[in-house]
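This report concerns only the one structure given below.
Counting convention: from 1, in listed order, for ligands and their atoms alike.
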Amino acid sequence: MKLSKSADLPWWQRAVIYQIYPRSFKDTTGNGIGDLEGILNKLDYLNDGSSAYPNGGIPPSLGIDVIWISPFYPSPMADFGYDVANYVDVDPLFGNLQTLDRLIEEIHKRGMKIIIDYVPNHTSDQHPWFIESRSSKKNSKRDWYIWRDPKPGGSPPNNWGSVFGGPAWTLDKNTGQYYLHQFLREQPELNWREREVKEAMLDVLRFWLERGVDGFRMDVVGMILKDVELKDNPPSSRTDPNLPSNDIFGRQMHLYNEDQDEVHQVIREFRKLLDQYDDRCAIGEVWYEMPRWIKYYGESGDGLHLPFNFRLMHLPWEAEAFRHSVDGLEGAIPSFGWPNYVLGNHDGTRLASRIGTAQARVAAMLLLTLRGTPTLYYGDELGIENGVITQDLMQDPQGFRLGLHKTRDFCRTPMQWNSEPYAGFSKVEPWLPVEANYQERNIEVQSDDPSSMLNLYRQLLWYRCNTPALVHGTYRPLNVDHDCCYLYLREHSEGSRLVALNFVDQSHTISIPDGGRGEVVMSTYLDRAERVSLSNLLLRSNEGIIIEVNS
Ligand code: NOJ
């Protein structure tokens with residue numbers, strides 16, 4: 001399938017992004033860990049490049065436009081690749097540069113785009129830059145990282161905590177100074193106030209842009225600049241009483257360790273560089289609340305194309321809360337900005353475990369019909385739930401430090417291809433166990449079931465791509481008398497669509513005064529195509545529908 005025909009929008013506005021966690025997608029080497037060759041082998045599942053659609057049947061492939069691959073760089077894997085030891089190569093575990101080149105080529109052949117992770121805040125402690133930097137106080141790369149003397153008495157330079165628990169500083173006995181790491185001690189933070197660091201890291205972007213990647217997902221990009229004086233953070237007034245005792249990070253207001261004004265200057269430089277190439281895209285992992293977050297688009301659209309919008313991942317599954325969040329974004333976004341939505345990723349609970357499998361279908365319709373670029377996490381199209389991870393199976397360093405309930409292994413279990421052992425992911429026992437229900441919940445089985453979650457995703461993706469109202473129609477919420485339903489119009493001159501989502505396990509009849517009639521073109525149950533009166537609109541329990549309203 002090709003990217004939607006609405007040629008007047010850039011690709012990253014028309015696209016649906018699909019995140020692949022490469023360790024968990026497909027193992028072709030027989031070591032229990034996914035690899036790039038595995039992604040290559042499975043490209044047709046994501047998008048076979050054809051534009052054929054069997055009339056009334058099921059679209060031939062998922063119809064993804066953009067693949068985002070989490071880090072595949074050489075790494076000791078202390079944080080499974082987010083500890084990069086070489087920014088311009090591929091870890092042998094995943095393949096090599098030639099495999100990656102073939103992957104880029106094959107992705108492009110199918111009319112898709114490829115986005116890769118860029119990890120600017122920290123390297124691995126095994127990166128040659130850090131090895132040099134820590135070798136002596138006089139080393140020319142000493143200032144490439146953030147080194148400070150201990151406080152009198154020997155304690156760390158300030159009170160900052162690591163996201164993964166404990167202090168954000170580690171003392172290097174050799175040179176008697178502490179270095180900063182807001183994640184693992186194996187992830188020392190680069191000093192972006194040092195010109196040479198910036199140059200070297202811009203060169204990394206150039207390397208990949210020249211190699212043909214279409215964009216970057218920039219890891220914790222808001223963290224790359226810290227307060228010049230590294231002032232202490234004040235305590236947070238909203239601390240969760242259940243935080244593990246070592247979670248210093250969770251107990252502070254993050255005034256000085258991240259989101260400093262100067263970060264926008266660096267982001268402008270990223271953007272300037274990308275703009276020298278044809279049609280590339282910068283996405284950022286940015287967690288802040290609205291007024292701070294919105295700044296990441298830049299003052300005049302010279303910032304990130306898409307600061308990731310994670311808000312919907314953390315809301316209670318309630319229609320009103322969702323409408324409020326979407327309306328808030330729609331109201332705040334500048335005219336040059338473009339919305340985007342994320343419902344799942346490699347750091348959070350699986351969507352189906354968060355809201356249940358029945359509502360996960362409603363969530364699919366929401367994600368793929370809101371105005372903005374959706375990002376879909378691998379396996380959510382099957383309704384994969386959290387894996388069962390016991391202490392002895394745990395791999396994630398966050399879990400080791402903050403406790404089993406904080407492990408992210410739950411959402412990183414292998415992709416479920418078929419009913420064979422290990423779900424067809426690997427011939428040997430995978431690095432994480434496959435989800436318990438894989439015999440029913442896999443691509444082969446769901447492909448054969450016309451009403452499966454997978455086929456819902458396929459149809460939604462296909463429909464979205466071919467419906468201008470869903471790609472670039474305006475968004476207008478409707479007030480309805482049932483606060484457990486969320487309705488919005490996507491209006492467009494070529495025909496508008498009404499999306500009606502029932503967030504609960506109970507049917508409701510909705511009345512839209514003067515609504516006229518419309519044609520239901522899709523239900524999340526995939527069983528409904530009928531003309532309906534909008535003044536008497538039945539939504540079954542756990543149902544979402546799309547209605548063509550101008551017919
Ligand atoms: C955010 C990434 O999503 C997460 O997986 C990683 O552990 C941290 N950044 C550190 O790079």
Heavy-atom closest pair (Arg193 atom, Asp227 atom, distance to 0.1 Å) is NH2-C, 4.1 Å
Shell of residues surrounding ligand 1, defined by a 4.0 angstrom heavy-atom cut-off that is strict = Asp79, Tyr82, His122, Phe164, Phe183, Arg217, Asp219, Val220, Glu285, His346, Asp347, Arg408, Arg412
Between Trp417 and Tyr45, ring centroids under 6.0 Å = yes
Check ring pair (Phe, Tyr, Trp, His ring centres under 6.0 Å) between Trp160 and all other residues, then give those that pass, not counting sequence neighbours.
-> none
Apply side-chain contact (heavy atoms from CB on, under 4.5 Å) to Pro167 and list each qualifying residue two or more places apart in sequence or on a separate chain.
-> Ile248
Flag yes if more than 12 heavy atoms outside Glu299 fall under 6.0 Å of its CD atom; otherwise flag no.
-> no
Using the test ring pair (Phe, Tyr, Trp, His ring centres under 6.0 Å), find all partners of Trp192 that sit at least two apart in sequence or belong to another chain.
-> Phe270
